[in-house]
Every structure is written in C-alpha cells, then in structure tokens.
Amino acid sequence: MTTLHADTLAGLAARLARGECSSVELTRHFLARIAAHDDGLNAFISVLETRALAQAEAADRCRARGEAGPLTGLPIAHKDIFCARDTRTTCGSRMLESFVAPYDAAVVARLDAAGVVTLGKTNMDEFAMGSSNETSYFGPVRNPWDPSRVPGGSSGGSAAAVAAGLAPAATGTDTGGSIRQPAALTGLTGLKPTYGRVSRWGMVAFASSLDQAGTLTRSAEDAALLLSAMAGADARDSTSVEAEVPDYRAALETPPERLRIGVPRNFFDDGLEEAVAVTVREALAEFERQGAELVEVDLPNLPLSVPTYYVVAPAEASSNLSRFDGVRFGHRCEDPQDLLDLYERSRGEGFGAEVKRRIMTGTYVLSAGYYDAYYLKAQQVRQLITADFARAFEAVDLLMGPTTPTPAFELGAKTADPVQMYLNDIYTIGVNLAGLPGISIPCGEVTGLPVGLQIVAPHFGEPALLAAAHRYQQATDWHLRMPSAYA
Ligand code: GLN
C-alpha cells in the first residue's frame, strides 16, 4: 500500500473517510516529514505546528459529527504570498520578514472553510520574481530529485515540499509560469486557472493583470478537488469572474469524445532540448492512442511573449511595490535622517537585486517619453498574442506542448544572466498574457529528471483541461513517481 506521504489528496481523503487514520495523525506525519527533511530542501519559511494541530482536531470533530466534506482534515501548505491571519507572510522578502497578516487571503479562507489543515508557508522567489527560487531572501530551495538543481520558481518551495512528500499538496501563484514551471521541474501536476477564476484578495500583488492562484498536486484529480473549493467570484477582487463554479471532479469522468489537440509549431523550436522534445512527443502519441487527433497550429506572435511580459509585468510591479516604503508597509531602516533617507534606505535594504531590477525597468517603461514606445506597444502585442490563441481555439479543443525547454538546471547556472533565466518561461508566459488556464503534468524523465507536458484550454476550459490530464494519468504512472531519497 502507498505510504501516507506518497499518496494523493484523494487517496488520503479515502483513508480518512474509512477511519484508517485521523486528521491529527496525518498532520503529525507530515509535520514529522518536514522536521526530518526540510533542512536539506529549505522548502518552508514557516511551519505552523500549533495552528495545524488545532485545525486537524477541529476536522476530526467535524468528521465525528458526520459533517465532513471532500477536503476535511487534509493537510496542505500555502505559498508564503498568501496572507494567513496572525501568521507571518514574507513573500520571500526581507521587506516583509516580520509582517504578520491581519486577515486571511480569499484562497486561505475558502480552503480553511472546506476543512483543510495548513502545515506551513512555503519558500518562494522574492515577490514571486524568478524561475529558480534563487531570489528568495530566505535562501534557495533545492530540487528533491537532485539537490544540486533548482526546483523552479517562483512557487519552488511548494513544489519541493509536495515532490518530497512533506505535504500532499500546496498552493502556488502563476504570473508567467510560476506554478507550471516548478511543477514540470519536480514531477508534479501544476494548475494555473483562468485569470479571474480564483480571487486574488490577500495574495501579495506582483503583476495584477497576470497573477493567478492555483495548485501543485500529485494528480489532476487533486487539482480538481482543490479548485472546486478555491474558485468563485469575490466582491473584494473586481477581476474575479461571476461564472458558475462547476464540479471539477465530476468533470474528470467526462472527457470529450474526439479530442482535437493543437500542437503549436513554435513550441518545438530550436530552444527546446531534443530529449525533452522526444519525451513530450511520446506523451502526445499516448493521447493519439486514446483517440485524440493531433493538429499542428501556429501562434505567430508567441516568440514576442517574453519581451512583452518583461515590459508589462515590471510596469505593474513597480506600481504595486510602491506601497513598501517603510511607512505604510514593510521594513524600516534604522535612524532615518529625513523622509527621503527613510524611503531610500528602507527600500534599498528591504528589496533584493531582482526586485530592484524589475522596479527600475517598470518605472522606466512607464515614464513620460517612453510609455508609448514600451508599455503601450507591449499592450498592443499582448492583444496580438491573445488573438493568436483565440484563432487556434477555433479549430482545436486544447493545445499541448512542453512546459519548459529543459529539465531542472543546476543552482547558480543562470543567476548571472537574467535573460537566460527569463527564457525558461518561453512556453508558459503567453498563456498568462492571454489569461488562459494551463496545466503541467509529468510525462517522462530525462537523465532521471522529470519532464512536464503543458496543456492549455480556452478561458474557463478547466473541466476539459483537467479531464484530459486525468485520462492521461489513468493510463500512465509518471505522476506517481517520487524521488528515491524521499520515497
Ligand atoms: N519567472 C517569471 C518571472 O520571474 C514568472 C514568475 C511568476 O509566474 N510569478 O516573472
């Protein structure tokens, strides 16, 4: 029988329902896993033992009363970008090192209401800016498949925690790939929902027109379970959408009869490592065996997505991060001489190098004289990229391709060259610019490292997206593999 820490949320829920274990026992098991293994991974910034055990006891009482729901008593971890009342929320930054959130993010509140147990808050790139989890003020996270390699970012702590069996699932956020990319690099299922599907209330803002909360899990079924609880309109986030929340788990069982899968030609361009291309093509062949039809499609403006993103995202970040000034929010320097000194030193000390780079770029592209040439132009190109996807979806149900150009790379390999780092997200960023839902599922290994298959659906196409991923996971077992050191 599967060990507790290798099991899925659905599997653990069944054990709880059968009375094989209690939520307190499950929670203690994962807290012990964190205590035993996190030193080597650095996946957690805060472990919330007291809060978790109190939640687990409440969940067990709820079950004893016969009131348990599908998520009652299941432990998860939250990326440290989500505010959780009375707990520290750092966003991976010195700026928020000692910030204690006075309220719960919508995602945290909804999952709490569904009965989940919060094990802790996971490490992340500072303010979610990064693709390797090396920009965190709290130090880099290591990949459980090979500790000399990165787990991806920015939700790298969530990914490492789930991949190593320190938590059965975790939340993440995806602005340009930060759920799908670390999921690919650590062998997990990473779901980025449609922009507006999940409320951003209480999620520290990076680039507000792109940010979206989602999940890192072992299976598409687990992603469906969590999304059903997380999704829905919220009056406090004006971009959250009123659309009805379907029963995502029920939708898993009804995949479309004859799936038409679009394979974007430029997802297989020169930048893609050959062994990754072969692995992804094998996964596409599996879908064909299941009766799907593969159609080559063109997304002509997709190569412009990385430069477009690196104008739009820093522009929004420069505005969002202005609140961290040592007065309203964040770190305050010692003995400020005057107001300017207070701003300069508080921000100078509180932010790391990558965040400063983004603030400078963002301020520049928004400044008078450059706005039209950069920001306005980027918004126009964003429309063209969105239109490319819309045109593709006139002919196909889903798009599929690689999530990342390579498997996990060595720590330090790309830190000296920001552009090399940015190019990691070449296949994921367009999806954010268009506001579409995407998922990465494990589809093979290259030299012992996981490879991710990315599936993209039209807006609010999560049911079809999850159903396709689930069907693939029923025919294969890549998603159930664990790194041997943590099995
Ligand atoms: N790697 C991208 C960046 O650094 C995406 C980050 C994200 O999705 N949060 O901006």
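The shown structure was predicted, so the numbers you read here are calculated from the model rather than taken from an experiment. Counting starts at 1 for both ligands and their atoms, following the listed order. Counting begins at 1 with the first residue of the sequence.
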Which atoms of ligand 1 are found less than 4.0 Å from any heavy atom of [X]?
{"X": "Met129", "answer": "4 (O)"}
{"X": "Ala128", "answer": "6 (C), 7 (C), 9 (N)"}
{"X": "Ser154", "answer": "9 (N)"}

Are the side chains of [Y] and [X] in contact, using a 4.5 Å heavy-atom criterion?
{"X": "Asp112", "Y": "Asp104", "value": "yes"}
{"X": "Glu354", "Y": "Met421", "value": "no"}
{"X": "Leu321", "Y": "Met129", "value": "yes"}
{"X": "Glu244", "Y": "Phe460", "value": "no"}

For [X], which part has a heavy atom under 4.0 Å from ligand 1: side chain, backbone, both, or neither?
{"X": "Arg358", "answer": "side chain"}
{"X": "Tyr422", "answer": "neither"}
{"X": "Tyr310", "answer": "side chain"}

Nearest neighbour of atom 9 (N) of ligand 1 from the list Gly176, Pro418, Ser178, on a heavy-atom basis: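 Nearest option to atom 9 (N) of ligand 1, by heavy atoms: Ser178.
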Pro151 and its side-chain contact (heavy atoms from CB on, under 4.5 Å) partner, picked from Leu185, Thr186, Leu188: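 The side-chain contact (heavy atoms from CB on, under 4.5 Å) with Pro151 is passed solely by Thr186 among Leu185, Thr186, Leu188.
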Sub-4.0 Å heavy-atom contact, Ala313 with ligand 1: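 Not so, Ala313 does not reach ligand 1.
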Nitrogen or oxygen of Ser131 less than 3.5 angstrom from that of ligand 1: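 Yes: some nitrogen or oxygen of Ser131 is under 3.5 Å from one in ligand 1.
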Geometric cation-pi criterion Arg358 and Phe206, 6.0 Å radius, 45° cone: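 No, Arg358 does not lie over the aromatic ring of Phe206.
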Lys79/Asp174 salt bridge by N-O under 4.0 Å criterion: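 No, this pair does not count.
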Under-4.0 Å salt bridge between Arg391 and Asp388: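 Yes.
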Distance from atom 5 (C) of ligand 1 to nearest protein heavy atom, with residue and atom: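 Scanning the protein heavy atoms, the shortest distance from atom 5 (C) of ligand 1 goes to Tyr309 OH, 3.3 Å.
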Nearest neighbour in protein (non-hydrogen) for atom 2 (C) of ligand 1: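 Here the nearest protein heavy atom works out to Asp425 OD2, 3.1 Å.
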